[in-house]
Amino acid sequence: MTRYRPISVESLVEQLVERILAVKARWPRVLVDGAVDTEAVVNPLAILLRLHGHPVHVVSTRDFLRPASLRFERGRTDPDARYTDWLDVGALRREVLGPLEPGGTGEVLPTLWDPVRDRATRQPRVPLVPGGVAVVHGELLLGNGLPADLSVHLSLSPAALARRLPEDEHWALPAYARYESEVDPAAVADVVVRMDDPRHPALKLD
């Protein structure tokens with residue numbers, strides 16, 4: 001039986017920082033996976049890392065979506081397309097995580113695609129100094145073979161997800177159900193946090 005213990009966001013972030021600082025890599029890479037509100041963890045995490053003297057580059061999956069012609073080829077509300085066709089996994093690997101491999105350039109592309117204007121953002125690459133941390137956050141991140149030194153899954157029960165997901169996005173619920181079934185992110189991630197109530201998270205015990 002899976003066991004969880006209550007934890008404050010502050011304590012959770014402190015524990016994550018400890019694990020990141022223990023990573024033996026020139027540029028630690030962190031994935032924060034969750035269907036909603038990943039910023040609730042990512043923002044204080046970035047602040048605390050910077051207080052520890054580590055530059056942080058935060059990348060949102062919303063800035064690495066594929067063009068509308070590919071995302072919406074089967075319609076704007078197709079859950080299978082949301083699951084398989086929306087996120088440009090190859091670009092995240094090539095432009096963000098790959099350059100932070102040993103021997104990489106350390107230069108990260110901050111954004112790739114503007115989904116509102118549906119065009120490339122044309123942002124210049126940003127150099128990450130040694131000891132700098134890259135944090136990639138957003139939905140459906142795990143199970144794609146993305147390289148990372150620490151992966152965090154913000155877990156939601158189906159009822160909590162339906163409650164917290166905006167009503168106009170409820171069409172995507174089957175995509176998240178498929179993700180749970182096929183990837184089982186709670187089994188894949190290094191750290192799992194139950195976020196049914198974001199004010200009272202709970203940490204999965206090993």
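Numbers here are sequence positions counted from 1.
- A single hydrophobic cluster is not seen to contain both Tyr4 and Val32; linkage of ILVMFWY side chains at heavy-atom distances under 4.5 Å, directly or through other members, places them apart.
- The nearest pair of heavy atoms linking Ala134 to Leu100 is CB-CD1, 3.4 Å.
- In this structure, the side chain of Thr111 does not engage the main chain of Thr121 through any donor-acceptor pair within 3.5 Å.
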(request) Could you go through the side-chain contact (heavy atoms from CB on, under 4.5 Å) check for Leu205 and Arg5 one step at a time? (result) CA-CA 7 Å; Leu205 301 177; Arg5 68 173 175 84; 3.7 Å; yes
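- The CD atom of Glu180 lies 8.5 Å from the CG atom of Leu156; values are rounded to the nearest 0.5 Å.
- Enclosure of atom CD in Glu182 by more than 12 non-hydrogen atoms of other residues, nucleotides or ligands within 6.0 angstrom is indicated.
- Side-chain contact of Glu139 with Tyr179: a donor-acceptor pair under 3.5 Å is absent, judged by distance alone.
- Put simply, the side chain of Thr2 reaches to within 4.5 Å of the side chain of Lys204, judged on heavy atoms.
- Atom CG of residue Leu150 and atom CG of residue Leu31 lie 8.5 Å apart, to the nearest 0.5 angstrom.
- Heavy-atom minimum distance, Ala186 versus Val192: O-CG2, 3.3 Å.
- Note: Glu95 CD to Leu97 CG = 11.0 Å, rounded to the nearest 0.5 Å.
- Rounding to the nearest 0.5 angstrom, the gap separating the CG atom in Leu12 from the CG atom in Leu154 is 8.0 Å.
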(request) Test ring-ring contact (aromatic ring centres under 6.0 Å, His included) on Phe72 and Trp86 and set out the steps. (result) CA-CA 8 Å; Phe72 304 143; Trp86 278 37; 5.7 Å; yes
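- Residues Val9 and Ala40 share a closest heavy-atom pair of CG1-O, 3.9 Å.
- Ion pairing between Arg74 and Asp85 holds under the 4.0 Å rule for side-chain N and carboxylate O.
- Leu16 and Leu48 fall within the same hydrophobic cluster, defined by Ile, Leu, Val, Met, Phe, Trp and Tyr side-chain heavy atoms under 4.5 Å apart, directly or through other members.
- Within a 6.0 Å radius of CD in Glu73, no more than 12 heavy atoms belonging to other residues, nucleotides or ligands are found.
- Formation of a donor-acceptor pair under 3.5 Å by the Asp114 side chain with backbone atoms of Ala120 is not found in this model.
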(request) Please lay out, stage by stage, how Tyr176 and Leu140 fare under the test side-chain contact (heavy atoms from CB on, under 4.5 Å). (result) CA-CA 8 Å; Tyr176 299 119; Leu140 309 173; 3.9 Å; yes
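- Residues satisfying the side chain to side chain donor-acceptor pair (under 3.5 Å) criterion with Gln15, sequence neighbours excluded, are absent altogether.
- A side-chain donor-acceptor contact under 3.5 Å links Asp196 to the backbone of Ser157.
- Within the 3.5 Å criterion, the main-chain N or O of Asn144 finds a donor-acceptor partner in the side chain of Arg93.
- Looking at Arg66 and Asp88, no side-chain N of the basic residue comes within less than 4.0 Å of a carboxylate O on the acidic one, giving no salt bridge.
- With hydrogens and angles disregarded, a donor-acceptor distance shorter than 3.5 Å links the side chain of Ser151 to the backbone of Asp190.
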(request) Show your working on side-chain contact (heavy atoms from CB on, under 4.5 Å) between Tyr83 and Val183 and close with a plain yes or no. (result) CA-CA 11 Å; Tyr83 182 63; Val183 175; 3.6 Å; yes
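- Among Thr38, Val89, Val136, the one residue that satisfies the side chain to side chain contact (heavy atoms under 4.5 Å, CB included) test with Leu141 is Val136.
- Cluster annotation: Leu45 is connected to Leu51 through the hydrophobic network of ILVMFWY side chains, with a link wherever side-chain heavy atoms come within less than 4.5 Å.
- Judged by distance alone, with hydrogens and angles left aside, the side-chain atoms of His54 form no donor-acceptor pair with the main-chain N or O of Leu49 at under 3.5 Å.
- The heavy-atom pair separating Pro110 from Val108 by the smallest distance is CD-O, 3.4 Å.
- Judged purely by atom type and a 3.5 angstrom limit, His170 uses its side chain to pair as donor or acceptor with the backbone of Leu165.
- Nearest heavy-atom pair, Val41 versus Val13, reported as atom, atom and distance to 0.1 Å: O-CG2, 4.1 Å.
- Arg29 CZ to Ile20 CD1: the interatomic distance, rounded to the nearest 0.5 Å, is 13.0 Å.
- The backbone N or O of Met195 lies less than 3.5 Å from a partner atom in the side chain of Arg164, making a donor-acceptor pair.
- Across every non-hydrogen atom of Ala189 and Leu142, the tightest pair is CB-CD1, 3.9 Å.
- One hydrophobic cluster holds both Val58 and Phe64 under the rule that ILVMFWY side chains link at heavy-atom gaps under 4.5 Å.
- Annotation: side chain of Arg26 is in contact with side chain of Pro130 (closest heavy-atom distance under 4.5 Å).
- Placement of Val193 and Val17 within a single hydrophobic cluster is found when ILVMFWY residues are connected by side-chain heavy-atom separations under 4.5 Å, directly or transitively.
- Going from atom CZ of Arg71 over to atom CZ of Arg82 covers 10.0 Å, rounded to the nearest 0.5 Å.
- Looking at Asp80 and Arg178, a side-chain N of the basic residue comes within less than 4.0 Å of a carboxylate O on the acidic one, giving a salt bridge.
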